[in-house]
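Read through the structure below, which is laid out as structure tokens, and then see the notes.
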Amino acid sequence: MTDSTTPDNNTHNQFDNKAKAWSARFSEPVSELVKRYTASVDFDKRLAPFDIQGSLAHAEMLAHVGVISKDDLAQIEQGMATILQEIEAGDFDWSLDLEDVHLNIEKRLVELIGDAGKRLHTGRSRNDQVATDMRLWLRAEIDRLLELLKQLRQALARVALAQHATIMPGFTHLQVAQPVTFGHHLLAYAEMFQRDAERLADCRRRVNRSPLGAAALAGTSYPIDRERSAERLGFEAVCRNSLDAVSDRDFAIEFCAAASLVMTHISRFSEELILWMSPRFGFIRLADRFCTGSSIMPQKKNPDVPELARGKTGRVNGHLIALLTLMKSQPLAYNKDNQEDKEGLFDTADTLRDTLTIFVDMVDGITVNADNMRDAALQGFSTATDLADYLVKKGLPFRDAHEAVALAVRKCEELSCDLAELDLAQLKAFDNRIEEDVFEVLTLEGSVAARNHLGGTAPERVKAEAERILAEK
Ligand code: ARG
């Protein structure tokens, strides 16, 4: 064994001493606690496939420009193939002594192929390496999330199509406002998830840039070809400043911000599902596989999944704040603080992926109690605006019509009846322009059918909109 402080033969390398001290320059190792405190391997090992992909692109570029030999490259490729297999089979021996995913893989490569493995890290640093890994990983995550958002929109559109003419009360201030169709209400969420997808796709463009070649911070003195490795990794461009390349985590923050909005929409939807499922509303039922009972109250069926989704929104929002706070005081360029970007980011992507996957299935399993929805829409004078609009069409200025209908509603409250239950003579007392044709206007069906314009709640429009979404590629 070579003494860590006295490198005395030419086979000596950094990894030989890693368990004792960082390198020959150090006189003592870190304590066990410091080792655990500074290590990231427990959580960054999930980056392994991307780390290997990045290393292969770097090695290929080094061979192309003549910094390493073709033979070195061939050995590196072979060694990495073995390592990938070992990792996938669960046979890879991850070591805390080797701190992170990068050093674990590199050490194993040197074990497998010797000197060629030691040449891989030429012209690179873990700083540009980890930034590359994170971008490759996040790009793949975004692609999965985009697919899930599309599936969720399609599920909403399927239910909306089936329920395009089902009438429910629309609310403002959680007070009955005007009748809407249930399909229309669901398609409001399809709009939100469409904007979420657009935001993620836009964020992906800035994720998809290569930091590789920035090395530790200042670039490297080797004649590297950054565009070559970038292209091989499918990056759209290279980061154009080496200091920025290793220190930038905007891409992760942008992703977390977009993710927070996805969860905000999921949370609003969850809140409504929970309300609608309450016996006080009784509008919908969720399939039993998304609910649980109570250990004490036998009658209970609780909407656990939407409740948890609403709760998990808090942690995703928390990760966004943590990342912003992580970055706010960091001087250029790389700082170890950046290692703290990972767990929150990973958890954000995992939470979103699980949540969206479950919601696709849950939306498809919504069953509707149309009678309860209709009954609720009949309460609260939801067609009062229709009566005002009717009077306007007969020549009354809108503000006067508003006043006339307010008086009519007041009368109904006294009599405990709905507007449609007043007879023509009673209605005429509020404005004598009112004729027999008013009763069509006062029905729920008449009210929603009248809103037949782009973005309106008319069943015909909802059907067309749902079909448009279902036809999307
Ligand atoms: N584990 C580190 C991280 O996650 C990798 C980069 C370490 N670089 C360094 N100079 N210590 O950020």
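Remember, it's 1-based here, ligands and their atoms both numbered in the order they're listed.
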Closest protein heavy atom (residue, atom, distance) for atom 11 (N) of ligand 1: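 Of the protein heavy atoms, Arg126 NH2, 3.4 Å lies nearest.
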Protein residue, atom and distance nearest to atom 10 (N) of ligand 1, heavy-atom basis: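 Scanning the protein heavy atoms, the shortest distance from atom 10 (N) of ligand 1 goes to Asn127 OD1, 3.1 Å.
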Looking only at distances, please establish whether an N/O atom of ligand 1 is found under 3.5 Å from an N/O atom of [X].
X	answer
Tyr334	yes
Asn338	no
Ser40	yes
Lys336	no

Modelled atom types, side-chain donor and acceptor of Asp44 and Gln339, under 3.5 Å: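 Side chains of Asp44 and Gln339: no pair found under 3.5 Å.
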Parallel, tilted or perpendicular, as decided by the 30° and 60° cut-offs, for the rings of Phe269 and Trp276: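 The arrangement is perpendicular - the two ring planes meet at more than 60°.
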Steps toward salt bridge (charged side-chain N to carboxylate O under 4.0 Å, His left out) verdict (Arg268, Glu272): CA-CA 6 Å; Arg268 294 185 72 178; Glu272 298 208 298; over 6 Å; no
Which segment of Lys342 sits under 4.0 Å of ligand 1 when only heavy atoms are counted: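 Lys342 to ligand 1: side-chain contact only, backbone stays beyond 4.0 Å.
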Cation-aromatic face contact Arg108/Phe92, 6.0 Å, 45 degrees: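 Ring-cation test returns no.
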Ion pair Arg144/Glu141, N-O distance below 4.0 Å: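 Result for this pair is yes, salt bridge flagged.
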Presence of salt bridge, Glu271 and Arg310, under 4.0 angstrom: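 Salt bridge between Arg310 and Glu271, a charged N being under 4.0 Å from a carboxylate O: yes.
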Gln339 neighbourhood, listing ligand 1 atoms whose heavy-atom distance to it stays under 4.0 Å: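 Heavy-atom distances to Gln339 below 4.0 Å select 1 (N), 2 (C), 3 (C), 4 (O), 12 (O).
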Subset of ligand 1 atoms that lie under 4.0 Å from at least one heavy atom of Asp100: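 Every atom of ligand 1 under 4.0 Å from some heavy atom of Asp100: 1 (N), 2 (C), 5 (C).
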Result of checking Val462, Leu187, Ile284 against Phe182 for side-chain contact (heavy atoms from CB on, under 4.5 Å):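 Testing each of Val462, Leu187, Ile284 against Phe182, the sole residue satisfying side-chain contact (heavy atoms from CB on, under 4.5 Å) is Ile284.
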